[in-house]
Student: 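Here it is, the structure, as structure tokens.
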Amino acid sequence: MKRLPEIKFVSVIAKTAIFEVQAVDLRFSNGEERTYERLMPQRRSSVMVLPIHEGNLIFVREYAVGSERYELTFPKGIVDAGEEPIESANRELQEEIGFGARKIEPLRSLYSSPSHMFGLMHVFVAEDLYPSKLEGDEPEPLELVYYPLAKIDELLASPDFAEARNLSALFLLKAYLNKNTEK
């Protein structure tokens, strides 16, 4: 196994209320040196929840400033200080779609863009939903979209459903559902 590069120096290039851009000077085991840039969001993990209700997935359609359009996505958010990821998952469900879940199962934890940032996201499936609303921090009401579980393959093939975390989560869900129907 290769030895990790030595971090020689870290400097802040830019800082906002949410992110910090750092230059990281590295020395690799072969003596090569490089400067990498990385985006450092808050070093807390996040959650994404795939809610299933009455044979449907529940999505939210919300504005994404990166793509400058409304995206179909699953409820998601930051793990608050003192919270376990599973608690955050249930809180985000209540804030974003107005349901709590009696059953929440972890699917997997994923890194998005580990070359450039921390970005650890815990992915859960939520079932046995019940009405429960908490106040969220969204700037506008989120549109709920119910999508039949039976049409997952159509969604995976849709060019309009292209956000990598959502696609990964949907493939994880498909494997989870296949495993549970084999039992």
Side-chain angles (χ1 to χ4, degrees), residues 1-51 59-93 95-96 104-126 134 136-140 142 155-176:
M1 189 166 152
K2 287 187 174 184
R3 193 176 79 219
L4 291 174
E6 176 187 358
I7 296 176
K8 302 297 290 178
F9 188 72
V10 177
S11 59
V12 176
I13 299 171
K15 188 172 181 140
T16 73
I18 299 172
F19 298 105
E20 183 175 280
V21 180
Q22 296 178 340
V24 182
D25 296 334
L26 300 171
R27 178 178 294 137
F28 289 83
S29 59
N30 65 358
E32 286 291 318
E33 294 188 7
R34 295 284 190 281
T35 299
Y36 282 69
E37 291 180 358
R38 69 181 176 194
L39 187 60
M40 292 297 290
Q42 300 172 7
R43 202 137 167 107
R44 297 187 324 218
S45 61
S46 62
V47 296
M48 176 179 280
V49 191
L50 288 70
F59 289 91
V60 294
R61 190 178 314 278
E62 68 180 324
Y63 185 74
V65 71
S67 61
E68 297 180 1
R69 66 183 196 171
Y70 283 87
E71 297 284 350
L72 192 61
T73 187
F74 294 106
K76 62 188 175 313
I78 297 292
V79 174
D80 286 345
E83 265 184 336
E84 291 297 318
I86 198 165
E87 295 169 318
S88 299
N90 207 23
R91 177 182 48 76
E92 289 295 337
L93 284 174
E95 289 176 0
E96 294 191 9
I104 300 179
E105 296 283 331
L107 293 178
R108 185 165 184 167
S109 296
L110 308 168
Y111 283 99
S112 61
S113 295
S115 297
H116 300 286
M117 63 185 209
F118 175 68
L120 178 63
M121 176 173 273
H122 307 281
V123 181
F124 295 90
V125 61
L134 293 175
D137 60 357
E138 284 70 32
E140 64 182 356
L142 299 175
L155 189 57
L156 287 168
S158 172
D160 293 328
F161 189 72
E163 203 266 300
R165 296 173 303 172
N166 289 309
L167 284 167
S168 297
L170 208 50
F171 277 111
L172 290 169
L173 177 65
K174 193 172 172 180
Y176 169 85

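Given the structure is predicted, the values throughout are model-derived calculations rather than measurements.
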Student: Between Leu107 and Ala169, what is the shortest heavy-atom contact and its length?
Tutor: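 Closest pair (atom of Leu107, atom of Ala169, distance): CD1-O, 4.5 Å.
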Student: Can you tell me how far the CE atom of Met48 sits from the OG atom of Ser168, to the nearest 0.5 Å?
Tutor: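 So the gap between those two atoms works out to 8.5 Å.
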Student: Given side chains that start at C-beta, do those of Ser88 and Ile78 come closer than 4.5 Å, heavy atoms only?
Tutor: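 A side-chain contact is absent here, since even the closest heavy-atom pair is not under 4.5 Å.
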Student: When you compare the side chain of Met121 with that of Arg165, does any pair of heavy atoms fall below 4.5 Å?
Tutor: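 Heavy-atom side-chain distance check passes, below 4.5 Å.
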Student: Starting at CZ of Arg3, measure out to OG of Ser29 and round the result to the nearest 0.5 Å.
Tutor: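 Taking CZ in Arg3 and OG in Ser29, the distance rounds to 5.5 Å.
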Student: Looking at every heavy atom in both Ala126 and Val49, which two are closest together, and how far apart are they?
Tutor: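 It is CB-CG1, 3.7 Å.
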Student: Output the distance between atom CD (Glu84) and atom OG (Ser45), rounded to the nearest 0.5 Å.
Tutor: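 Reported value, rounded in 0.5 Å steps: 9.5 Å.
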Student: May I have the step-by-step check of side chain to side chain contact (heavy atoms under 4.5 Å, CB included) for Thr35 and Leu26, ending in yes or no?
Tutor: CA-CA 6 Å; Thr35 299; Leu26 300 171; over 6 Å; no
Student: Output, in order, the C-alpha distance, side-chain angles, deciding distance and verdict of salt bridge (charged side-chain N to carboxylate O under 4.0 Å, His left out) for Glu62 and Lys76.
Tutor: CA-CA 11 Å; Glu62 68 180 324; Lys76 62 188 175 313; 2.9 Å; yes
Student: Should Leu50 and Val123 be marked as a side chain to side chain contact (heavy atoms under 4.5 Å, CB included) after you check the CA-CA gap, both sets of side-chain angles, and the distance that decides it?
Tutor: CA-CA 8 Å; Leu50 288 70; Val123 181; 3.6 Å; yes
Student: Give the intermediate values and the outcome of side chain to side chain contact (heavy atoms under 4.5 Å, CB included) for residues Ile104 and Val125.
Tutor: CA-CA 6 Å; Ile104 300 179; Val125 61; over 6 Å; no
Student: Might you point out which heavy atoms bring Glu71 and Ala64 nearest each other, and give the distance in Å?
Tutor: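 Nearest heavy atoms, Glu71 then Ala64: CG-CB, 3.7 Å.
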Student: Of all the heavy-atom pairs spanning Pro159 and Ala162, show the shortest one and how long it is.
Tutor: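 That closest heavy-atom pairing would be O-CB, 3.8 Å.
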Student: Side chain of Glu92, backbone of Ala89: donor and acceptor closer than 3.5 Å?
Tutor: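 Pair absent, no side-chain N/O of Glu92 close to backbone of Ala89.
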Student: Once rounded to the nearest 0.5 Å, what's the spacing between atom CZ of Arg34 and atom NZ of Lys8?
Tutor: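 Arg34 atom CZ to Lys8 atom NZ measures 15.5 Å (nearest 0.5 Å).
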Student: Can you tell me how far the CD1 atom of Ile86 sits from the NE2 atom of His122, to the nearest 0.5 Å?
Tutor: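 Taking CD1 in Ile86 and NE2 in His122, the distance rounds to 11.5 Å.
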Student: With a 6.0 Å cut-off (strictly less than), is the heavy-atom count around CZ of Phe28, excluding the residue itself, greater than 12?
Tutor: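 Atom CZ in Phe28 is packed in, count exceeds 12.
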Student: Working to the nearest 0.5 Å, report the span between CZ of Arg61 and OH of Tyr70.
Tutor: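 Those atoms lie 10.5 Å apart.
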Student: Please check if the number of heavy atoms outside Ile13 that lie under 6.0 Å from its CD1 is greater than 12.
Tutor: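 Result for CD1/Ile13: enclosed.
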Student: Measure across Val79 and Pro85 and return the closest heavy-atom pair with its distance rounded to 0.1 Å.
Tutor: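 Closest approach of Val79 to Pro85, heavy atoms only: CG2-CA, 4.1 Å.
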Student: Do Asp25 and Tyr36 have side-chain heavy atoms sitting under 4.5 Å apart?
Tutor: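 The answer is no, as the side chains (C-beta and beyond) never meet within the 4.5 Å cut-off.
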Student: Check this for me: Ile7, atom CD1, are more than 12 non-hydrogen atoms of other residues, nucleotides or ligands nearer than 6.0 Å?
Tutor: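 For Ile7, atom CD1 is not crowded (no more than 12 foreign heavy atoms under 6.0 Å).
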Student: Do Leu134 and Arg91 pass the side chain to side chain contact (heavy atoms under 4.5 Å, CB included) test, and can you show the C-alpha distance, the side-chain angles, and the key distance before you say yes or no?
Tutor: CA-CA 7 Å; Leu134 293 175; Arg91 177 182 48 76; 4.0 Å; yes
Student: Would you please indicate yes or no on a ring centroid separation below 6.0 angstrom for Phe161 and Phe59?
Tutor: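 Close enough - the centres of the two rings lie under 6.0 Å apart.
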